[in-house]
Amino acid sequence: MNILNIYFSSTGNTVKVANTIGDVLRETNHRVDTMEVTKDMNLDILPYDFIFMGSGVYEWLPGKPLVDFLTKLRRKYAENGSIKPASPKITGKKAVVYCTYGGVHTGINEAIPAVKYMGQLFDHLGFDVIAEWYIVGEYHGKLKKFSKDGRLGNIEGRPNEADLLDVAEKVRGILLSQF
Ligand SMILES: Cc1cc2nc3c(=O)[nH]c(=O)nc-3n(C[C@H](O)[C@H](O)[C@H](O)COP(=O)(O)O)c2cc1C
């Protein structure tokens with residue numbers, strides 16, 4: 001079982017979630033490649049059977065390096081025939097997509113497009129997207145009030161220990177459901 005744990009984290013929130021995912025996978029004796037998406041990254045994700053992908057939300061979408069990475073992959077897999085009409089499922093290939101988000105203005109509604117966006121590449125390739133997670137993440141931008149007076153209330157320090165414990169439990173649950 002090849003597991004990829006890939007993420008983009010501009011201000012340090014999503015990396016905490018990705019590290020938690022990696023820790024639980026290792027504790028449960030799974031081998032996992034954990035990596036951050038970088039500008040101009042070139043990675044073939046198809047050899048992986050199980051992929052966790054996460055990002056902070058920026059203007060309702062994943063961070064730009066991750067959007068660019070997904071675009072590059074979509075083009076490559078469309079050209080080489082890996083993305084087929086009707087996107088038939090490939091047995092055994094699964095993905096979990098998640099974001100950390102501030103939801104300052106409209107709550108989870110401004111994070112949903114980001115997670116759906118990430119999930120589409122997997123759906124196109126025939127992976128089963130078995131879970132979508134939304135984890136609250138403090139806003140680290142210039143407007144400090146965004147972490148206190150947004151629609152989710154005070155989100156300072158999130159994702160906090162409780163959020164990460166919740167992530168760890170979800171990963172354990174996913175593993176129990178799949179193996
Ligand atoms: C410039 C900027 C734009 C953001 N835009 C959104 C947004 O559109 N929707 C949202 O829910 N959160 C938004 N956020 C909050 C981040 O998504 C949240 O803090 C996230 O946890 C950051 O993850 P990262 O530190 O891993 O990049 C924004 C934060 C910044 C700094």
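Quantities reported herein were computed from a predicted structural model and do not represent experimental measurements. Heavy-atom basis, side chains included; hydrogens, waters and symmetry copies ignored. Read the numbers this way: they start at 1 and go in the same order the structure lists the ligands and their atoms.
Salt-bridge check for K116 with E132: passed, with a basic side-chain N closer than 4.0 Å to an acidic carboxylate O. Classification of K89 and D123 as a salt-bridged pair holds, one side-chain N sitting under 4.0 Å from a carboxylate O. Using a 4.0 Å cut-off between charged nitrogen and carboxylate oxygen, K64 and D68 count as a salt-bridge pair.
Although no hydrogens or angles enter the test, the distance criterion places a donor-acceptor pair under 3.5 Å between the side chain of T28 and the main chain of L25.
The environment of NZ in K76 is crowded: more than 12 heavy-atom neighbours from other residues, nucleotides or ligands sit within 6.0 Å.
Judged purely by distance below 3.5 Å, without hydrogens or angles, the side chains of T100 and N13 never pair a donor atom with an acceptor atom.
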Note down each nitrogen or oxygen pair, ligand 1 side and protein side, whose separation is under 3.5 Å; give only atom names and the distance to 0.1 Å.
{"residue": "ligand 1", "atom": "5 (N)", "partner": "V57", "partner atom": "O", "Å": "3.4"}
{"residue": "ligand 1", "atom": "5 (N)", "partner": "E59", "partner atom": "N", "Å": "3.4"}
{"residue": "ligand 1", "atom": "8 (O)", "partner": "E59", "partner atom": "N", "Å": "3.1"}
{"residue": "ligand 1", "atom": "8 (O)", "partner": "W60", "partner atom": "N", "Å": "3.1"}
{"residue": "ligand 1", "atom": "9 (N)", "partner": "E110", "partner atom": "OE1", "Å": "2.8"}
{"residue": "ligand 1", "atom": "11 (O)", "partner": "G102", "partner atom": "N", "Å": "3.3"}
{"residue": "ligand 1", "atom": "11 (O)", "partner": "G103", "partner atom": "N", "Å": "2.8"}
{"residue": "ligand 1", "atom": "12 (N)", "partner": "G102", "partner atom": "N", "Å": "3.1"}
{"residue": "ligand 1", "atom": "14 (N)", "partner": "V57", "partner atom": "O", "Å": "3.2"}
{"residue": "ligand 1", "atom": "17 (O)", "partner": "V57", "partner atom": "N", "Å": "3.0"}
{"residue": "ligand 1", "atom": "17 (O)", "partner": "V57", "partner atom": "O", "Å": "2.6"}
{"residue": "ligand 1", "atom": "19 (O)", "partner": "N13", "partner atom": "ND2", "Å": "3.4"}
{"residue": "ligand 1", "atom": "19 (O)", "partner": "G137", "partner atom": "O", "Å": "3.2"}
{"residue": "ligand 1", "atom": "19 (O)", "partner": "E138", "partner atom": "O", "Å": "2.6"}
{"residue": "ligand 1", "atom": "21 (O)", "partner": "N13", "partner atom": "ND2", "Å": "2.9"}
{"residue": "ligand 1", "atom": "21 (O)", "partner": "T100", "partner atom": "OG1", "Å": "2.6"}
{"residue": "ligand 1", "atom": "23 (O)", "partner": "T100", "partner atom": "OG1", "Å": "3.1"}
{"residue": "ligand 1", "atom": "25 (O)", "partner": "T11", "partner atom": "N", "Å": "2.9"}
{"residue": "ligand 1", "atom": "25 (O)", "partner": "T11", "partner atom": "OG1", "Å": "2.4"}
{"residue": "ligand 1", "atom": "25 (O)", "partner": "G12", "partner atom": "N", "Å": "3.0"}
{"residue": "ligand 1", "atom": "25 (O)", "partner": "N13", "partner atom": "N", "Å": "2.9"}
{"residue": "ligand 1", "atom": "26 (O)", "partner": "S9", "partner atom": "OG", "Å": "2.6"}
{"residue": "ligand 1", "atom": "26 (O)", "partner": "N13", "partner atom": "N", "Å": "3.4"}
{"residue": "ligand 1", "atom": "26 (O)", "partner": "T14", "partner atom": "N", "Å": "2.7"}
{"residue": "ligand 1", "atom": "26 (O)", "partner": "T14", "partner atom": "OG1", "Å": "2.6"}
{"residue": "ligand 1", "atom": "27 (O)", "partner": "S10", "partner atom": "N", "Å": "2.7"}
{"residue": "ligand 1", "atom": "27 (O)", "partner": "T11", "partner atom": "N", "Å": "3.2"}
{"residue": "ligand 1", "atom": "27 (O)", "partner": "Y58", "partner atom": "OH", "Å": "2.6"}

